[in-house]
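Structure provided below as structure tokens; questions to follow.
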Amino acid sequence: MFRGKKREEPVKEEVFDVDEEHGAVTRKIDGSRVMMMGSHGWASIEKELETTFITGAAVIMQRVGYSYGRAMGRAARSQGIAPEQTFEQMQALARESGWGLFTLSSGDLYGGVARISVRDCYFCLHARESTGGVCFVLAGLVGGISDEIIGATHRVTEEKCIAKGDAVCEILVERVG
Ligand SMILES: [Zn+2]
């Protein structure tokens, strides 16, 4: 009902182009096609994986995040993002993708050890009262982007998670090779 109404404030530059006529959403910066995924739908996918694969679900979800992160890292490298800019690139991707707000709470990603804190994490939005961290996809994404842009292997551990009562989710990233 607000369509066509003139906005009074200048709008922030849009990240995506939504073409409702063709059912296509593209990322403006590189023209790549994206798909929106609602958080309730995502939460039910995770629940289904846990029911089907029990403890294997964590590995599957981490690999899902990891391969997606590698692909995003490759795209960033092809746009000339330098290894020194890995954290800034990851933070920008998280902002535009809706994963949450990434900040560096300690260390230096390019230096080899860092803790990345995530406020308003998408991946555990509907998971509560968990006994451990549940953001396996988030950890995988961080690992995949780091591995690809820095060109080394990293170990990722979710040390804090909103789902287990922490104020933020926090991923420890350590270069291992
Ligand atoms: Zn979490």
Side-chain angles (χ1 to χ4, degrees), residues 15-16 25 27 34-76 81 85-150 152-177:
V15 177
F16 299 107
V25 180
R27 189 168 175 252
V34 299
M35 180 192 78
M36 303 298 180
M37 195 181 291
S39 64
H40 285 284
W42 177 259
S44 74
I45 290 175
E46 291 209 347
K47 198 154 261 159
E48 175 67 28
L49 283 171
E50 279 166 29
T51 310
T52 310
F53 299 106
I54 323 292
T55 53
V59 178
I60 294 169
M61 289 189 273
Q62 179 148 351
R63 297 313 293 178
V64 165
Y66 182 78
S67 46
Y68 193 86
R70 288 287 298 250
M72 293 194 107
R74 266 196 303 278
I81 299 293
Q85 298 169 285
T86 304
F87 176 72
E88 288 71 24
Q89 179 65 16
M90 189 186 286
Q91 186 184 48
L93 287 169
R95 270 179 199 268
E96 67 165 52
S97 305
W99 302 337
L101 182 64
F102 284 29
T103 52
L104 208 50
S105 67
S106 76
D108 166 18
L109 199 54
Y110 185 61
V113 185
R115 281 185 172 80
I116 297 171
S117 129
V118 182
R119 270 173 51 199
D120 296 314
C121 174
Y122 170 93
F123 300 97
C124 60
L125 206 50
H126 305 296
R128 288 293 174 270
E129 291 169 22
S130 168
T131 50
V134 298
C135 298
F136 308 109
V137 176
L138 175 70
L141 285 165
V142 167
I145 295 170
S146 303
D147 282 9
E148 188 67 37
I149 305 182
I150 296 173
T153 306
H154 296 81
R155 176 171 50 226
V156 287
T157 317
E158 190 180 27
E159 292 189 325
K160 293 182 188 171
C161 184
I162 298 165
K164 64 180 173 80
D166 296 312
V168 292
C169 296
E170 196 165 272
I171 310 289
L172 168 66
V173 190
E174 300 163 286
R175 191 169 307 156
V176 291

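Just so you know, ligand 1 is whichever comes first in the structure, and atom 1 is the first atom listed for that ligand.
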Item to check | Arg155 side, atom CZ; Glu174 side, atom CD - distance, nearest 0.5 Å | outcome: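 Between Arg155 CZ and Glu174 CD, I get 4.5 Å after rounding to 0.5 Å.
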Item to check | Sequence neighbours excluded, every pair satisfying side-chain hydrogen bond (donor to acceptor under 3.5 Å, both in side chains) that has a member inside residues 50-63 | outcome: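 Of all non-adjacent pairs touching residues 50-63, those that pass side-chain hydrogen bond (donor to acceptor under 3.5 Å, both in side chains) are Glu48-Thr52.
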Checklist entry - Do the ring planes of Tyr122 and Trp42 sit parallel (below 30°), tilted (30 to 60°) or perpendicular (above 60°)? => result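 The arrangement is tilted - the two ring planes meet at 30° to 60°.
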Next on the checklist: Contact between Leu125 and Asp120 at the side-chain level, heavy atoms closer than 4.5 Å - yes or no?
Outcome noted: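 No, their side chains stay 4.5 Å or more apart.
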Checklist entry - With Leu172, which of Ile116, Val113, Val156 fulfils side chain to side chain contact (heavy atoms under 4.5 Å, CB included)? => result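 That would be Val113; it is the only one of Ile116, Val113, Val156 passing the side chain to side chain contact (heavy atoms under 4.5 Å, CB included) with Leu172.
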Checklist entry - Are there any protein N/O/S atoms under 2.8 Å from the Zn ion (ligand 1), and if so, which? => result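 Metal shell, protein only: Cys135 SG, Glu158 OE2, Cys161 SG, Cys169 SG.
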Item to check | N/O donor-acceptor pair under 3.5 Å between Thr157 side chain and Glu159 backbone | outcome: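 Not confirmed, Thr157 side chain does not pair with Glu159 backbone.
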